[in-house]
Structures are given as C-alpha cells and as structure tokens.
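Presented below is the structure to which this report refers.
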Amino acid sequence: MTDRPQLAAVSGATPAGAAPEILSEAPRSQWADAWDQFRHHRGAMAGLFCFVSIILFVTVGPWLWGVDPGALDTRNRFAAPSLAHPMGTMQLGQDVMAQVMFGGRISLAVGLVAMAITLLLGTLIGVLAGFFRSLDGILMRLTDLFLALPVLPLLLVIIMLFREPLSQRFGTEAGIFILMVSVIGITSWMPVARIVRGDILAIKEREFILAARSIGTPPRRLILLHILPNVLSPIMVSGTLAVANAIITESALSYLGLGFPSDFPTWGKILIDAVQYTERAPWMVIFPGVLISLTVLSVNYMGDGMRDALDPRIRGR
Amino acid sequence: MKRSSLLLGAAALALAPAAALAERGSSGHLNIIYWQAPSTLNPYLSGGTKEIESASLVLESMARFDQNGEMVPWLAADIPTVENGGVSEDLTSITWTIADGIVWSDGSALTPADFIFTWEYCTHPEGGCAQASSYDGVTSVEAVGDNQVRITFGAPTPFPYTAFVGSESPVIQAAQFADCLGARAPECTDANFGPIGTGPFVVDEFRPNDVIEFSANTNYRNPDQPGFATVTFRGGGDAVSAARSVCQTGEFDYAWNLQIDPQILADMEAEGNCNVVTAFGTSVERLHLNQTNPDPSLGDVRSTAQAGEHPFLTNPVIGQALSMAIDRALLVEVGYGAGGQPTCNVLPAPELYASTANDACLTQDIPGAIALLDEAGIVDTDGDGIREYNGTPLRVLYQTSTNAVRQDTQALVQAWWAELGIDTELRNIDASVFFGGDPASPDTFQKFYADIEMYTNNFAGVDPQAYMANWLCDDWPRPETQWQGANIQRFCSEEYDALVAEMAGTADLAERGRLARAMNDMLVQSYSIIPLIHRGGVSAHAVSIEGIQMSDWDSELWNIAEWTRTPGMERQ
Amino acid sequence: MVTYIIRRLILAVPALIFISFIIFMIVKLSPADPTANLPLTIPPEVREQIRESLGVNEPLVGQYLRWARMMFITEPLIMLEDALCSAPRLPDRSMPDGCWQMVPPDTSRIISYQTRSPVFDLIAISLPQTLWVVGTSYIIGILIGMPLGIVSAYKQYSLVDQGATFFSMVGFSIPTFFTGTMAIIIFSVWTPTDAWWWLPSSYDTTHVVEDWDSFVFQLQQMVMPMMVLGLYNAAQISRYMRASMLDNLQQDYVRTARAKGMGEGTVVLKHVLRNSLIPVVTVIALNVPAVFGGALITEQVFRVNGIGYQLIQAIRGADVPMVQTISFIFAVLVVMFNLIADVLYGILDPRIRYD
C-alpha cells in the first residue's frame, strides 16, 4: 500500500517522540499510553477514520439524503447510478443509497453487538477451560456439543420458541434484533473459546505466570493482568472475523425469513438479493459488498492498532 | 385427439420423400436440469413434483393430459366415456382397455394384474402412499378378460379419471414390486431407484438428490421413439443458475421451474441460445384474509372460532378496497413475466369453469378504493394517516413464504395499501416451516396467526370438485383437527356448502361448470380471498430442441418421447 | 500422554451419546416437516399417513433408541461385513458365499425420509465429491494461508503485508455465494466455451478419472469451487498465523536466539513458527471436521451435490434420520480432532501437560 514509507517514518519517529513525553508527564494512565500509541498507528487511524465515516454515512446520511429506502418506483427499475440515484436503483426502483444507509445501521449494530457477545462468551469459556483444569473437561465437551449442533434446525427451534415472546416484550424490531444477536453470538463463540484455551494452556506454564503465582497473586488478578493481555492478538483477529461473520450470518437468516422482515434492508440481504442481478445491475452488488468489506477492513486495522497499543513490548518501539 | 393428429403428422412426414423420419436415438444426448434434485423415482413414495416428473420418463398411466388439459389415451386404447360404454350409466365404474402390444422395458407384457397391484400398493394402510387421493372412493380394481381393467367406485363418481390417469398415478410392475407392499415399501431401494416402466426411457443409474442417467427403452411401443438415445437428468443449484446453464453456458438443454425475475430471464433469452416456454394449469397466487381474530393477546384461541370474527376483514368493503388497490398487471410484469396472468378468480381454468363475473379487478383503481372506504365511513379519525373501522386502526400483518418474487410482491402491495391508509407489516417464513403443518409451530399457513397471507394453490387434474370443497364450513383448520383443514381463510356460508353438495351429485358437465362458477363468484365476492395471479410453469430449452409441448396438467416432460434435436446440432 | 489419550477416549463415549441425544431433540423439535415440500394438492389425511409410515409420530425416546441401536450396532456391523468381503452383495442384500453374515439381511437400517434408502449409502455416494472439492480446497487454503501469514508477520506493514491483509479481509468478508456466482459469470458465461480457460459451471459427480484427459476435466470442474473455498480458508488461516507470529517475534527468546548468532531462517521458521502454531493448529483442527460436513453454499452454487448439499436438502425436508446421522458423524470428528489438537499442543510446547 502507499502508506508504507509514512509508516516507516512513524515507527522511526515514535521512540524519539514518545519517550520524552512519558518522562515529562509522569503520572499517565495505561490507557493514555495506549491511546498515544494507537494515535501513531497509521493503519489504525485510517481504519478509525474509515469506520467513523461509515458510521456517519449510516446515521447522519439518511437524514441528509432524505429518501425513503422503501419507496418504490416501478418506472425506474434497475436505473444506473445518476444524480437522482447516486448508487442506482434496485429491482422495484428502490434507491440503493437510501437502502445501504438504512441497512447499514442494522448490519453494523448486529455485527458489533454479535461480535461483542461472541468474544465475551468465547473468551470467558476459553479462559476458564484453559486456566482451571477441573473445568476444562466439561467446558470443552460443551464446546464440542455446540460445534456439532446442526445450525439451521437449531435456529428454527430458537426462533419458534422465542420470536413471539421477545417481539411482544420489546416490540417487533427490537425483539428480532435481540434474537438475532444472541443467536449469532451463541452459535459462533466456540472457535474463540478453543483458540483462547489453546493459547492459555501454553501461557500458564510460562515462567512469568509461575512467578506471579509464587508471590500469591489471586487467580482473578492473574487472569486479568497476566494472561489476558497475552492472548489479545488471537482475540482481536477473532473479533475482526466475527464482525464479518455476523453481518453475513444475519443476512442469511433474514434471507431465510428467520430474521428481519423483508422490508428491512441490511447490507448482507441487499447483497444476497442482488447476486442474481449481477449482470443486469452491478451497482446493486458493488455498493453493499464494498461497504461490508470496508467495515471489516477498518475493524481489522483498528484491531491491529489496538493490539499494538496494548502490548507493552511493542509500545514505544 | 391429440395423439392421433400427431400420428397423422408423422404419417404425412413419412409420405414426403426427402424428409428422413427420425430414428430412435438419432438425436443423441439430452441434458435436463431440475434445480431441485429428485430423491427417489417412485412417485408413490414421494409426492414431490421433481420425483413425479423424473419418473414420468419411465412410468406411464392409462391417459395423460396434453397442453390444453385434454385427455390423451396413453397406455389405453381409448378414453372410456358413458357414450362408448366405458363408464357405467350409474357412474360407479369405469373400464379401461389396455392398448395392444404394450410391454414393460424388460420385455414382459403389461397386464391388468399390474394395475390391480398398483392399486393395492398405493392403498395399503401402512404404505404411506403419497398419491392415495388418486384412488379415493375406489372400492375395487379388477381384470376383465386379459386386457381390460375395471375400477369400481363406492358412490357415483361424475369424474372417474383419477386413478391411473396423469403422471401422479402411473402403473408399476407387479413382478418388481411384489415384495414391497406396505411397511416394506422403503426396503425396496433398488426398485424405488430403478423402476421398470413402459415409458420411452429406462434408468441406467440413479443417484438420489443428484443425477439420473437414462437411455432409450429398446422395447418402447413406437419403434421411432424416443428421439434421444440418452438423457442426463441433473439436480441441484438454484433457479437462476439453472437458467444460466441453459441460456448462457449451454451446458444443459432443458431447465425446469424458472421462477426468477422475468427481467433476468428475458435478458438471458435475448442472447438467443434458449427459448422460454410456459404452460398454465390451475395455480393461483392469492391472498387469504383471515375471517377470525388473530390478535396475539388471545393466546391459543386466536384464529379459531372461539376468537370471534376478525375486527375488520370480515367486512367485504375493506376486502374490496384492498383488492382494487392492487395492480395485478404490474405484479405480473415485475415478478412473473410470461409465467403469470392477472386473474380475479380462484378457479381460473379449465375454460368451462372460469368465471368472467369478477374481471373488474383487473384494472387498479386506488381512487375508487379510497372513495369506497370513505363512503362506508371507514376514515382516519385520529389523524395518524391510518383509517379506523369501529375504532380499530386498519393495521394488518401480511405473511407469506420466503421467495424473492413473493417478497417483491409484498413490497408493492404494501405500498399500494399505504396509499389507502392501511398499514401493513410484512413477514416471510421459511417454506419448510410455513407449509410444514407442524401443530407446534405458530408459523404455519394453516394456523394463520396473521391477518393476511399469500401463497399459491391449485388442484391436480382437470376436475375442480374436490378443490371447491376446500371452503366448506367444517373444513376450518382448528386445534381439534391438529390444525389440518383446507379452508384457510375460515370462510363459512351455508349456501356455499349446499352448492358443494349439489356438485357432488351432478354429472352433466355444463351444469357442473355453472355450479363451479357460482362457487368461485361467491368466494371471490365475499372478499375473504383475493386472487392475484394465474401462475404457469416456466421452463427454458435450448433452441435446438424440438417437439416440446409443455403441459401444466401433467408432467411437463409428458411427451419427451417426441422430443428431438435439430439435425446437425447433436451432442455426444 | 498415552493414559491421557485413553482417558479422553473413554470419556468421549458418554459425551457423544449425550450430544447425539441433544442433536436428536433439536432436529425433532424444529418445526420443519417432512411433508412440507409436497404440493398442496396432497390432502392432509394423506400427509398424516405419510408421517405415520415414516414413524414421525412415535414416542420420542423410542425413536431415539431405535436410531441409536442402528447407529451403534447395525450400521458398524454392516460396514464390517462389507470390509471383510471382497465380493458385492447379492440382490437381496445378503452376503455371498464365503463371507461372514453378521446381521440378517432384512435387519432395518437407518432410512432417510426423503429417499427411503439407507442413510449410509447416501453418505457413501456423496462423500467422494466433498472430499475432492472441499478437502483439496482446504489443503490449498493451508498452503497459501500459512506462508502468507508468516511473511506478512515477518515483514509487518510491508507491501506484502498490506496486500495480504487486504486480500484476506476481502476474501473473508465477501460471502462465497457472491464470489462463486462471480466466478461462474466470468469463467463460464463470459468466456467462450471453446477457450482453454473456460470452466464448467456445474460439477459432474458421475465423472470418472481414468486417463489424462479425464483428469484434466476433473481439475477443470474443481477449479472454481476450490478457489472460492480456498480463498476463504486461506484468509482465515493467514490472519491467525500473522497475529500469532507477531506476538512471538517480540519475545525475548527471539532476541536471545539472534544474539547467539542463529540464522534468521532458523530463528523464524524453527523457533518462532513452532511457538506460533498453537492457535493455527486450533483453527485447522476446528475446520477439518467441517471438510466432512461439506460446504453448504459452495456446493449448491456449483452443484457439487456432496455431503453439504445432502445435509441442506435433508434439513429442508425435515429428514430427521439423515440430519441426525450426518450431525453425529460430524460430532465424532469434532471430538476426535479436538483431541488431536490437544495432543499437538503437547508436542509443540512440551511445557503443556495434562496429567
């Protein structure tokens, strides 16, 4: 990429810039340090910028653009991008730009919340299984169980049992949102748990853990301060992949009629619906596709930056 | 009839000195793609269209329906009628005569015993035969002489052409299936995967849910047919990719059930490699308006008689307004193309039964619908843009199965109804659940936990008697019947029930037509059901394939023996 | 280590039985119905009869026990019979002379609802194409993903790294139904049929490799599904490989090794790689059972009709015995590869001890 020389310049400049700073403002918190590091990570800042732009696009965008995503215009089916429709129109004349703006809200929300659930569940179970030998057997069998469950029938059951109670309790949209993110969360935490556990099995035998143990560090502190920071990178990678996975899974669920109603566009669903029109109306696939990829890329770069920022070995390098 | 005219045509061809009469197998190889793969070749074990149509290359029946819904004698010498003495005067029996010289593909003769066995096979109480309704009312099947089969019914049956007619109830070989009666039916895997038939092709290899290889039947009764020597019948993928493989890549010659955006199909056809063919039967895409109250707060009694009437959909004025607001022609243009025609009837065909009394609905009239509602005093009283009826806002939940075309239709209808001041919430449900009928699921079409639902229904064959009986008062789906029942919208009228009873006792065809039309009009004018589209089958074939006469009344491959390829374009 | 493996294997048995019961309950509870795909012209009474003949309405525990008996006793014995006998079975399914008949030929087997034929026969005919396509694509994914991950970690923020990041993130975030369709449009539709780079859009499962030409055809029909799946797998593996390598490249032992004058190749490929493999081994072990499970979407896009396609058809058709059996075999593989991964951890990092 083109920003390689700049990056080199930054990594060259940081030690000189950062070190005196730390000296001069002595009582700085760890988080300020991390932010400082993050701020100097070009990829991370580019990712952050891109991510914030996407967020603005989907939140402020509809308000500025003012076109109803559900408005149909059957005389303008499959219209190519133009001033009136900067991203073209869809099969019933819906404006693609309004659709991706509106759809992005749901996709982003589902992607991020489901990622958080996946990471929380996966890390929790992975840490417990990896650290406490007594829990390892039972938790890993649980993981095996979830890995082996056939997902589609499981979803049908969950949706049959919980869709209506949730819709009544929280309203249709909020109910489905809760259902979606929990369904995606509970069907995708297993790889994270296995990866975290695998790493912890190795880390907890290292000398520094032994040292921490020998001075009587309680397990909670040991896990939070000594072990978790060392498994951060696979967790970050899992998080990035989980966002992509959640956006796509949501679309597959909605496509099957298990998720949001059909008049609720989401990026993934626009993409699924549009694939058959690839030749007729390429703009229908390009814009949602690019937005999904951009989101995942920017989350990835932010994750990279965050990992570097939180790793004391790299900090100040 | 159709068949004789074809023979005449063949004879005429033979007279022309230059025209080389097609020889059996001279057209080489044929590739067919069904994007849903057949899982067995025994249509009695699986009632799915894909299984019935793939089996129709091998298994045949006494008579078939051509593209116009006319019966064509197939294994029979002629069509029995009251006039020719084949059907008894009291309408309780029908006697079919097997045409001369018909043998199974293994060389043995087709005898009445095979038909008797087929009936026993399908009516065995433990067999779970999917086509059992073809033999409804049949009390015995017996041999008369060595080439006649007499079917006796328990009651006078004005339309006796159900057993052994059409692709749904073909004859199977007694010798092959002898050990496969009742509970043993599934154990006969070899027979179910490779039935011996009388048809133009024999099964070489069958891979369930994947591919079937056929080759020409050397014992086929017509020495010049089939035109193709071998057929590969592939399954899998989806409708768009099936269309693509015929119209764009040319890997296949015939693709079935191309229910895809008509624009895409038209674009593909315009490339010039394929022709799209359609055939219309009795399928109608319709809206059912729930006549009972589906309010979730009623819990388990919703959408049943105990829940009481629907707060507003029982009022025909509202139903009429809903219907008037719909532009059926646009729905066809956007979603169906050549595979659909706007209709205002539940019973659109055959010709005899099609009413013309309701055709006003063919033109969209939103101002008229608004005026209608205004006149009836159904107006927006609280200024939220939604009309109220007796204080209840007109908000409807509109559900259907998951299918791209249906979701587009939903979106359009939602927009039109919004113009009337009616708020619509959309829902789509996976077809395996929606049509699954699981009494534990709240999302089946029978439970109808919604205000309006949309799907397609039709009837097999050409006689609507059983179909019109769907709307009897006591055929409501309800908890006592495990939610089974065909009267989905919970329509009930004593007058209608009387017409159903009258039709069951009427033999005169014209009179039956009048009764069926009257019932259709009564249903449609109650506005508990809103017919939208008369749907046809849509298939595509390579331009080099000739002789396709697509029929929606039978298997669309019913005349595959007559298919050929333009000489010089054969494939290996 | 050996006692540990034996203990785990013994413990796996009750775990698997429990898993199989949960799978069974979920599939049974699911609201899909075996008669849902039939035309609506088939009346409700007939549907009920079909369900009756399938045994759908029998008591749940009885159904489970019957499945378990066939799964754990009949089917293994039949497989053993076939393994011990070189001649094919007679038409009535009994064994030819000279072969050991362990179960009577009319013993009931696990029968699929849709095809009414033994589930294991269906698996046997679908497995080869799944292994060919999904298996090779997975190997390709590993072969591309691991070196890519190593290089992009070693040359962090270099052009190669940025390119690899872009490639893998796009590869992971664009679903296979889209990449697959694009590949078909480019290589099957836009490419003239007689060009050498034209590829068939539909996988021929009956194709037999017997000479060079048929092998070339086999390759041709595998290229597109393999690339689509391989891209996805490579993306995932390279991300984990890179992250883990980055962690280890910063460790003190790397500095020590370099200080001792070890060659850069030895340091990276021997010390760092070995210590970085744990998460990668986990990911690979997680995904190998999935190779057996097939690729639901890719198989459908290219009509590969392997296990994944059979499974989705079975789920659609509420074919309980089929879903149940495939899921169970999948569960066995999951448990097995989980164990293999644990053993590999011990080999990669001898400090990890389980006893």
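Here is the naming used below: chain letters follow the sequence lines, and residue numbers restart at 1 for every chain.
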Nearest heavy-atom approach of B:T249 to C:T193 is O-OG1, 4.4 Å
Given that the side chain runs from C-beta out, which part of C:W198 has a heavy atom under 4.5 Å from chain B: side chain, backbone, both or neither?
side chain
Determine whether more than 12 heavy atoms belonging to other residues, nucleotides or ligands lie under 6.0 Å from atom CZ of C:F215.
no
If we define contacts as heavy-atom pairs under 4.5 Å, which of C:L122, C:T206, C:V304, C:L54 has the most with chain B?
C:T206
Proximal component of B:E205, with respect to chain C [non-hydrogen, under 4.5 Å]
side chain
I'd like to check B:T40 versus C:R116 (side-chain heavy atoms, cut-off strictly below 4.5 Å). Are they in contact?
no
Counting heavy-atom pairs under 4.5 Å to chain C, which of B:G237, B:G182, B:S134 comes out on top?
B:G237
Counting only heavy atoms closer than 4.5 Å, note whether C:E45 contacts chain B via side chain, backbone, both or neither.
neither
Which one wins on heavy-atom pair count under 4.5 Å against chain C: B:P125, B:S241, B:C188?
B:S241
For chain C, which candidate among B:P439, B:A431, B:A486, B:S441 shows the most heavy-atom pairs at distances under 4.5 Å?
B:S441
So does C:Q313 get a backbone contact from the side chain of B:N209, meaning a donor-acceptor N/O pair under 3.5 Å?
no
Picking from B:G48, B:A132, B:A130, which has the most non-hydrogen pairs under 4.5 angstrom with chain C?
B:A130
The interface call for C:I42 against chain B, heavy-atom contacts under 4.5 Å, is side chain
Heavy-atom closest pair (C:P44 atom, B:Q484 atom, distance to 0.1 Å) is CB-OE1, 3.4 Å
Option that, when pairs with chain C are counted at under 4.5 Å, heavy atom only, ranks first among B:P38, B:A440, B:A183, B:G235:
B:G235
Non-hydrogen atoms of B:T189 and C:S117 that approach each other most closely
CG2-CB, 3.5 Å
Per-residue contact mode, B:T232 against chain C (heavy atom under 4.5 angstrom)
neither
Cut-off 4.5 Å, heavy atoms of chain C, and the answer for B:A466 is neither
Non-hydrogen atoms of chain B under 4.5 Å away: do they reach the side chain of C:P34, the backbone, both or neither?
neither
Can you confirm whether more than 12 heavy atoms, excluding those of C:F187, are under 6.0 Å from its CZ atom?
no
Can you see which heavy atom on C:Y309 is nearest to which on B:G236, and at what distance?
OH-CA, 3.2 Å
Part of B:E213 lying under 4.5 Å from any heavy atom of chain C
side chain
Does a donor on one side chain and an acceptor on the other come within less than 3.5 Å for C:S53 and B:E126?
no
What part of B:I33 gets within 4.5 angstrom of chain C, counting heavy atoms only: side chain, backbone, both, or neither?
side chain
Does a side-chain heavy-atom distance below 4.5 Å link B:S245 with C:R303?
yes
Measure across C:V46 and B:C129 and return the closest heavy-atom pair with its distance rounded to 0.1 Å.
CG1-O, 3.4 Å
Sequence neighbours excluded, every pair satisfying ring-ring contact (aromatic ring centres under 6.0 Å, His included) that has a member inside residues 101-129 of chain C
none
C:P39 versus B:T49: any side-chain heavy-atom pair under 4.5 Å?
yes
Please look at B:Y455 and chain C and tell me whether the side chain, the backbone, both or neither of the residue comes under 4.5 angstrom of a heavy atom of that chain.
side chain
Would you check if there is a donor-acceptor pair between the side chains of B:R244 and C:S201 at a distance under 3.5 Å?
no
Based on non-hydrogen pairs under 4.5 Å, which of C:T205, C:T181, C:I185 is most in contact with chain B?
C:T205
Evaluation steps, side chain to side chain contact (heavy atoms under 4.5 Å, CB included), between C:T115 and B:F193
CA-CA 9 Å; C:T115 67; B:F193 284 3; 4.0 Å; yes
Hey, are the side chains of B:F252 and C:S202 touching, using non-hydrogen atoms and a 4.5 Å cut-off?
yes
Residue B:F445 versus chain C: region with a heavy atom under 4.5 Å:
side chain
Interface moiety of C:T191 toward chain B, non-hydrogen atoms closer than 4.5 Å
neither
From B:S46 OG over to C:L38 CG, what is the distance, rounded to the nearest 0.5 angstrom?
6.0 Å
Nearest atoms (heavy-atom pairs only) where C:D204 meets B:R234:
CA-NH1, 4.2 Å
Out of B:Q248, B:R184, B:R207, return the one with the most heavy atom pairs under 4.5 angstrom to chain C.
B:R207
